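As the structure is a prediction and not an experimental result, all values here were calculated from the model. Within every chain, numbering begins at 1; the chains are lettered A, B, ... in the order of the sequence lines, protein sequences first and strands thereafter. No hydrogens, no waters, no symmetry mates; every other heavy atom, side chains included, goes into these values.
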Amino acid sequence: MTKVPVRPPIDDTQLGYRFPVMHHSTLDNGMALTCIQRRDIPKIYFRMGFKLGDRHIDPALSGLTDLLARVLKKGTLDRSREEIASAVDFRGGYIGALSGADALYVFGEFLTEFAEFGFELLSEIVRRPLFDESILAKEKERMIADLQNERSSPAYLGQMQIVRALYTPHPYSYQKNEETVAAVTRDHLIDLHQRRCRPADATLVIGGDIEPQEAERLSERYFGKWQGDPDTREAEPLPPNAPQRRIYLIHRPGAQQVNLMLGNPLFERTHADYEAMVLTNKILGGGGSGRLFLKLREEKGYTYGAYSSLDVHREYGAWYAQADTRPEVVSAALSLFFEEFEKMRSTPVAKDELDSARRYVVGVFPLRNEAPSSIANLALWQRLYGFPDSYWEEHLRRLEAISVADVQRASDTYIRPDNMSIVAVGDAGNLAAELGAFGEVEILNERLEAEK
Amino acid sequence: MTEYTVNQPAHETEDGQIARFQLANGLRIVMMKSAVVPVVAVDIWYHVGSKNEERGKSGFAHLFEHMMFEGSANVGKSEHMRLISDVGGTCNASTSKDRTNYFQVVPANQIKLALWLEADRMRSLAITPENFENQRDTVKEERRMRIDNAPYAPVFYEKLDEFAYESWPYKHSIMGSMDDLDRASVDDVKAFHDLYYQPGNAVLAVVGDIQIQETLKIIQDYFGDIPAGAAIPPVHFDEPEQTEEKRLVWQDPFAPLPAVTFTYRTPAYGSADYYSLEVAEKILCDGESSRLYRRFIETDRSLLHFQGGMDNRIGPGLFNFFGQLKPGTELPVVEQALGEEVERICNELLSDEELQKARNQFRADFVSRLERNYDKADQLCFYTTFFDEPELLYTELDRLLQVTPEMVRSAAQTYFRQTNRSVIEIEAAGRQQ
């Protein structure tokens, strides 16, 4: 006789989650330090963040923070670019920097035996960058050439335009182009670095195979003498516009598909509706069990995937839905998107559907943060926002408390088809007239400029 | 009656130890306890990929992978993903030339659900013509998205193999042609499942916060009565030796800049020269201090982007170099520079420092691959499916560390020959008007 059950064997208990213990300290110069020890992997993960975002630069210099991130590790007062690359590669390590909407991140990963080297190099890179003229010139040249690469991707074009449509005139809408990158000089890098990359604005998270006391000792040794006052000038950026329904058609000659994106502006990350919107988004378009995926892919076969997502930052946010479809079914796909949006707004979700979404969002949290590197990322993010250590557990508890009525209210408030920004990337040919049925169409070229 | 053979001690293993078993129906099982986080990865590999497809049926192994989510005896269409999502888990699947895998990562207390779902779709599928048409459309959209509508993608995912190989198994793309996708039928799905989706052609890996014996009991209960299948037809590569360079010009409508690929034929994964070429890959291509990055990006500044590396295929392999030309660069300049660097690795021994660098990089890579339970499960499946030796997860590193400068030079001389390569010049066709 078979021992196989005919119903899915589901365990009804939900495993509790405790965020790993964080050891915090502050150096005399104000640098914040957090250590999260984990001994099973013989590796150290460095995650450093500075409060340096889009709002701290002049839009005429868009790309400045990206360039700062690219040039930081390409030479210090102590080591040339080649010496840094050789030293890192020789140890099988990794070091890099990235600019985000609200912060500049510098990160590194090294085997435990090279831990001290990691501290030494990270310290050199953030404290004593060279900003060599010729290296800056090369990086600018590469960044400008890369713009062509980026614009050859329809997904990139769609993403850039939806961000621009939803965030203008807030600094999150700033986008680099050939002119803004060309305008950046060495003095701009030095000035930005001096203003924003200061110990009092720096947070260093160290995860992995290291004792907290040892992390503190090495941080003191390599960052303790770092001096510099924080920049206290903070301009108040403008809030985003409240856009009207408008369709942006980006003409991509010969395109085989149409990349669709639809969205509305949203709130800041600390807003009380954040958790309600996380669950609303999961029900509408989160992954392979979201309504959009089931309708547009599993029922209709219009697309490989249809999803929605939240893009929420310190000051503002947005949500958007997306799918890539063959040109013949664009109108049908758009109609289905709007049907699903209206359904979210007008009909309460079933309690089961909400519970299912909640079980996923709460349950997947420990899975997504299985690796020590992911935990270090979360810890850095939490500290940059100034959230308490209990933040992640509180976030999970708030998700538990969201009701069907909360989801309905969030849907009604934030999913607004009447003033939705819609982006379509495809061959404009017949598409312009077809899209006209959904609203006023503006045709843009691959530089996102109005087509003449 | 012994329902499984125990090749390792049956007592509970310590974290990181590998336990392997086999059911009477042929299913091979590999488990590893890793209790740091309450997460379990369940990964199953079927030894079937696009290499097993018949002519005229290109893309079928991948299309079939989609059908595995369309329902089985006790699971409805789209229910697999919903059930896993419902418990806070994730799942997906992928098809390569050599194998197809299906995996779930779930909270440790939901291991039964993940195993039950995999057992149900190994035992039987419940496919309707509507579901099949739906997934055919979906896969065609996937093809448009990944290949037809993207710059350079037709070369990466299709032309490169079509041009470098002479024999069918690796020559055709995983995604398959639109015509072949149109030709596939529901009957093909059933036949494919019967032949390849049987316990003897599968390896199941479970890694995470588990009790080995308890998990084995569940697997036995769920998979034990699935009948063993027939013998799998062997794949014949019959790849003739290449005797002269091949060149192709490809017009890419979406490429923003011209580019080039140089592809050298290499031996299968696991052969002695394979490991020597892995060292060559580190020296030539890995990191900003690698020889080719320095040459092309920093010194000559002839390329905007460069990448290179070797496939880990179980049949005849390829070592690819891809370069995107900087505006103003002429192809012969790039070709000349690559020729010089290839000549150098063929003629000069690596320095002690370079060798040590490669070894440190292998050690760091090895450690990084142990960070997540899924990555460990996937490696266990790889080593068990193709070599029946899951312990290679730990010991494979030694083969890389034992490579000497003489071995690298010898392998480079054997494979980095102009007569052993294919070159594709990619023209930015859309930019010329």
Side-chain angles (χ1 to χ4, degrees), chain A residues 2-11 13-15 38 40-43 82 85-86 88-93 111 138 142 145-146 148-149 151-154 253-257 287-289 294 297-299 301-304 324-326 356 359-360 362-367 370-373, chain B residues 36-39 74 77-78 81-83 85-90 105 107-110 112-113 116-117 119 133-134 137-138 141-142 144-145 148-151 221-222 225 253-257 286-290 301 304 326-327 353 356-357 360-361 363-365 367-368 370-373 430:
Chain A
T2 179
K3 297 167 181 167
V4 189
V6 290
R7 294 302 310 148
I10 295 169
D11 187 321
T13 54
Q14 183 136 21
L15 298 182
R38 213 176 104 177
D40 58 316
I41 307 286
K43 228 175 121 175
E82 290 80 8
S86 295
V88 171
D89 287 351
F90 180 78
R91 290 164 177 83
L111 291 171
K138 282 183 194 172
R142 289 194 73 193
D146 270 344
Q148 282 191 57
N149 270 329
R151 289 181 191 136
S152 71
S153 151
Q256 304 286 305
Q257 276 190 319
S289 50
L294 293 177
R297 168 173 151 152
E298 292 298 298
E299 191 180 320
Y302 288 168
T303 178
Y304 177 63
D324 307 341
T325 73
R326 53 190 180 276
S356 160
R359 280 195 301 271
Y360 172 77
V362 173
V364 85
F365 190 83
L367 265 69
E370 181 188 348
S373 53
Chain B
V36 182
V37 283
V39 169
N74 298 299
K77 175 183 163 76
S78 308
M81 281 197 185
R82 187 182 63 71
L83 285 166
S85 163
D86 249 16
V87 299
T90 57
V105 182
N109 60 327
Q110 303 296 352
K112 277 188 175 177
L113 175 65
W116 181 83
L117 285 166
E133 286 311 322
N134 168 260
D137 283 345
T138 298
E141 289 306 319
E142 185 179 358
R144 290 187 184 101
M145 181 186 83
D148 300 329
N149 204 36
D221 285 353
Y222 292 179
D225 67 350
F254 299 120
L257 291 165
D286 198 348
E288 292 187 9
S289 73
S290 66
R301 297 170 64 198
L304 184 60
K326 252 171 81 167
E353 191 180 338
Q356 190 56 46
K357 175 175 97 164
N360 286 342
Q361 289 177 332
R363 287 167 55 230
D365 293 349
V367 167
S368 298
L370 301 177
E371 286 173 11
R372 290 177 174 81
N373 287 339

Using heavy-atom distances under 4.5 Å, tell me whether [X] contacts chain B through its side chain, its backbone, both, or neither.
{"X": "A:P8", "answer": "both"}
{"X": "A:D40", "answer": "side chain"}
{"X": "A:V6", "answer": "both"}
{"X": "A:R38", "answer": "side chain"}
{"X": "A:L111", "answer": "side chain"}
{"X": "A:T13", "answer": "both"}
{"X": "A:R91", "answer": "backbone"}
{"X": "A:T303", "answer": "backbone"}

For the residue pair B:D286 and B:Q361, what are the closest heavy atoms and their distance?
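Nearest pair, atom of B:D286 first, then B:Q361: O-NE2, 3.9 Å.
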Considering only heavy atoms, which portion of B:E353 lies under 4.5 Å from any heavy atom of chain A: side chain, backbone, both, or neither?
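Backbone plus side chain of B:E353, per the 4.5 Å heavy-atom cut-off to chain A.
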Please flag which part of B:V105 lies under 4.5 Å from any non-hydrogen atom of chain A: side chain, backbone, both or neither.
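Both parts, heavy atoms under 4.5 Å.
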So which residue, [options], ends up with the most heavy-atom pairs under 4.5 Å with chain A?
{"options": "B:K112, B:R301, B:K326", "result": "B:R301"}
{"options": "B:R82, B:R372, B:M81", "result": "B:R372"}
{"options": "B:A119, B:A150, B:S290, B:G89", "result": "B:G89"}
{"options": "B:V87, B:T138, B:D137", "result": "B:T138"}
{"options": "B:V36, B:D221, B:D86, B:L83", "result": "B:D86"}

Going by atom types only, do B:S289 and B:K357 share a side-chain donor-acceptor pair under 3.5 Å?
yes
Go through [options] and name the one with the most non-hydrogen pairs under 4.5 angstrom from chain B.
{"options": "A:L294, A:I10, A:V88, A:N149", "answer": "A:N149"}
{"options": "A:E299, A:R7, A:Q14", "answer": "A:R7"}
{"options": "A:V362, A:I41, A:L367", "answer": "A:L367"}

Do B:L257 and B:P327 have side chains that get closer than 4.5 Å, going by heavy atoms?
yes
B:N360: which residues meet the side chain to side chain donor-acceptor pair (under 3.5 Å) condition with it, sequence neighbours left out?
B:Q356, B:R363
Contacts of type side chain to side chain donor-acceptor pair (under 3.5 Å), residue B:T90, not counting sequence neighbours:
none
Within 45° of the axis and under 6.0 Å from the centre of the six-membered ring of A:Y302, does NZ or CZ of A:R326 qualify?
no
Within the side chain of [X], is there an N or O that forms a donor-acceptor pair under 3.5 Å with the backbone of [Y]?
{"X": "A:E370", "Y": "B:V37", "answer": "no"}
{"X": "A:Q257", "Y": "B:E141", "answer": "yes"}
{"X": "B:N109", "Y": "A:L15", "answer": "no"}

Spacing of A:R297 atom CZ and A:T325 atom OG1 [to the nearest 0.5 Å]
15.0 Å
Gap separating the CG atom of B:N149 from the CD atom of A:Q256, nearest 0.5 angstrom
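Nearest 0.5 Å value for the CG-CD distance: 6.0 Å.
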